[in-house]
**Q** 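Please find one structure pasted underneath; my questions will follow.
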Amino acid sequence: MYDREAAVQYANKWWNDYNPAYPKFDVDCTNFVSQCLRAGGAPMWGYPNRERGWWIQGGTWSFSWSTSHSLRWYLGTSTKGLTATRVTSADLLEPGDVISYDFENDGRFDHSTIVTAKVGGVPLVNAHTYNVSHRDWTYKDSYASTPEARYIFFKINDHFS
């Protein structure tokens, strides 16, 4: 069972710091989101194949653990372990859910965040790389945001297969 509260607590604890139990990446957003999901009890699988599953183990990790575009595809297609359901709008998300960002609308997803709160139905997110806490999910005030930006909203399934 996915423990959304534990995932959010982790996100709130580590949003502006780095857990020494995990590697730190120059582009750390997806690694951070993966850590949050893991803190919520999401099961890992696929080791040692970096192109399969979602995992970190033995000094290496799957692409989906560390790369925004790969996590987007993993969450969009996984039927085993950590799974998610794509929803049509941000207001359907809850704390512990994930948003994937394609700022350039070029089909390559370049950012991942985790929902940590909702205010007036609007999700607020935490993220790494440029560390933020309780930021409006749209990132409209970010230098990375463009009018063409696309988002995918993932509701993390509460039960694991």
**Q** Would you compute the distance between atom NZ of Lys80 and atom OH of Tyr74 and round it to the nearest 0.5 angstrom?
**A**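 Going from the NZ atom of Lys80 to the OH atom of Tyr74 covers 8.5 Å.
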**Q** Under 4.5 Å between side-chain heavy atoms, counting indirect links through other Ile/Leu/Val/Met/Phe/Trp/Tyr residues: same cluster for Trp65 and Ile99 or not?
**A**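 Result: no, two separate clusters.
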**Q** Is there a donor-acceptor contact under 3.5 Å from the side chain of Trp55 to the main chain of Asn49?
**A**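 Side chain of Trp55 to backbone of Asn49, a donor-acceptor pair under 3.5 Å: yes, one is there.
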**Q** Given Thr30 and Ser112, is the side-chain hydrogen bond (donor to acceptor under 3.5 Å, both in side chains) satisfied, shown in steps?
**A** CA-CA 5 Å; Thr30 305; Ser112 306; 3.0 Å; yes
**Q** So if you build clusters from Ile, Leu, Val, Met, Phe, Trp, Tyr with side-chain heavy-atom gaps below 4.5 Å, do Phe109 and Phe153 land together?
**A**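 The answer is no; the residues belong to distinct hydrophobic clusters.
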**Q** With the side chain counted from C-beta on, respond yes when Val98 and Thr113 share a heavy-atom pair under 4.5 Å apart, and no when they do not.
**A**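 With C-beta onward as the side chain, the pair stays apart.
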**Q** Would you say Arg38 and Met44 make side-chain contact, with heavy atoms under 4.5 Å?
**A**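 Side chain of Arg38 against side chain of Met44, heavy atoms only: contact under 4.5 Å found.
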**Q** Under 4.0 Å between a Lys/Arg side-chain N and an Asp/Glu carboxylate O for Lys155 and Glu94?
**A**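 Salt bridge flag = yes for Glu94 with Lys155.
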**Q** Within the side chain of Asp28, is there an N or O that forms a donor-acceptor pair under 3.5 Å with the backbone of Asn31?
**A**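 Flag not set: sc Asp28 to bb Asn31 has no pair under 3.5 Å.
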**Q** How many angstroms lie between CZ in Phe154 and CD1 in Ile152, if you round to the nearest 0.5 Å?
**A**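 Reported to 0.5 Å precision, the distance equals 5.0 Å.
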**Q** Have Thr83 and Asn157 got a donor and an acceptor in their side chains that come within less than 3.5 Å?
**A**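 Asn157 and Thr83 do have a side-chain donor-acceptor pair below 3.5 Å.
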**Q** Rounded to the nearest 0.5 Å, how far does CG of Asp102 lie from CG of Asp106?
**A**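 Between atom CG of Asp106 and atom CG of Asp102 there are 5.0 Å.
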**Q** Could you measure the distance from the SG atom of Cys29 to the CG atom of Asn126? Nearest 0.5 Å is fine.
**A**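 If we round to the nearest 0.5 Å, Cys29:SG and Asn126:CG are 13.0 Å apart.
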**Q** Please tell me whether Asn19 and Tyr10 have a donor and an acceptor in their side chains that are separated by less than 3.5 angstrom.
**A**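 The criterion, which ignores hydrogens and geometry beyond distance, is satisfied for Tyr10 and Asn19.
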**Q** Verify whether one side chain among Ser78 and Trp54 offers a donor that lies under 3.5 Å from an acceptor in the other.
**A**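 Distance-only check fails for Ser78 and Trp54.
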**Q** Examine distances only and state if a side-chain atom of His128 and a backbone atom of Trp14 form a donor-acceptor pair shorter than 3.5 Å.
**A**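 Yes; at least one donor-acceptor contact below 3.5 Å.
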**Q** How close do Leu82 and Ala42 get, heavy atom to heavy atom, and via which atoms?
**A**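 So the two residues come closest at CD1-CB, 3.9 Å.
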**Q** With the 4.5 Å side-chain cut-off for hydrophobic clustering, are Tyr18 and Ile114 part of the same group?
**A**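 No; Ile114 is not reachable from Tyr18 via cluster members.
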**Q** What pairs with Asp17 under salt bridge (charged side-chain N to carboxylate O under 4.0 Å, His left out), at least two apart in sequence or on another chain?
**A**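 Checked Asp17 against salt bridge (charged side-chain N to carboxylate O under 4.0 Å, His left out); zero matches.
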**Q** Nearest 0.5 angstrom please: Arg135 CZ to Tyr130 OH, how far?
**A**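 Arg135 CZ to Tyr130 OH: 11.0 Å, rounded to 0.5 Å.
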**Q** How are the rings of Tyr139 and Phe103 set to each other: parallel, tilted or perpendicular (split at 30° and 60°)?
**A**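 Because their plane-to-plane angle lies in the 30° to 60° range, the rings of Tyr139 and Phe103 count as tilted.
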**Q** In a check of side-chain contact (heavy atoms from CB on, under 4.5 Å) between Trp137 and each of Val122, Leu124, Asp91, which one passes?
**A**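 Option passing the side-chain contact (heavy atoms from CB on, under 4.5 Å) with Trp137: Val122.
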**Q** From Ile56 CD1 over to Ser34 OG, what is the distance, rounded to the nearest 0.5 angstrom?
**A**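 Separation between the atoms: 8.0 Å.
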**Q** Any idea which heavy atoms bring Pro123 and Gly121 closest together, and the distance?
**A**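 Of all heavy-atom pairs spanning Pro123 and Gly121, the closest is CD-O, 3.5 Å.
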**Q** Verify whether the ring centers belonging to Trp61 and Phe25 lie closer than 6.0 Å.
**A**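 Between Phe25 and Trp61, which both carry aromatic rings, the centre distance is below 6.0 Å.
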**Q** Looking at Tyr2, is Arg4 sitting on its ring face, NZ or CZ under 6.0 Å from the six-membered ring centre and within 45 degrees of the normal?
**A**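 Judged by the rule, Arg4 and Tyr2 form no cation-pi pair.
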**Q** Pairing donors with acceptors under 3.5 angstrom, does anything connect the side chains of Ser100 and Tyr151?
**A**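 Judged by distance alone, the side chains do not pair up.
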**Q** If you draw a 6.0 Å radius around CH2 in Trp73, do more than 12 non-hydrogen atoms from other residues or ligands fall strictly inside?
**A**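 12 or below, so no.
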**Q** Quick check: is Val33 connected to Ile156 through a chain of hydrophobic side chains (ILVMFWY, heavy atoms under 4.5 Å apart)?
**A**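 Same hydrophobic cluster.
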**Q** Please verify the inter-ring angle class for His111 with Tyr101; under 30° counts as parallel, over 60° as perpendicular, anything in between as tilted.
**A**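 Ring orientation of His111 relative to Tyr101: tilted.
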**Q** Is there a path of hydrophobic side-chain contacts, each under 4.5 Å between heavy atoms of I, L, V, M, F, W or Y residues, that connects Val115 with Val132?
**A**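 In one cluster: yes.
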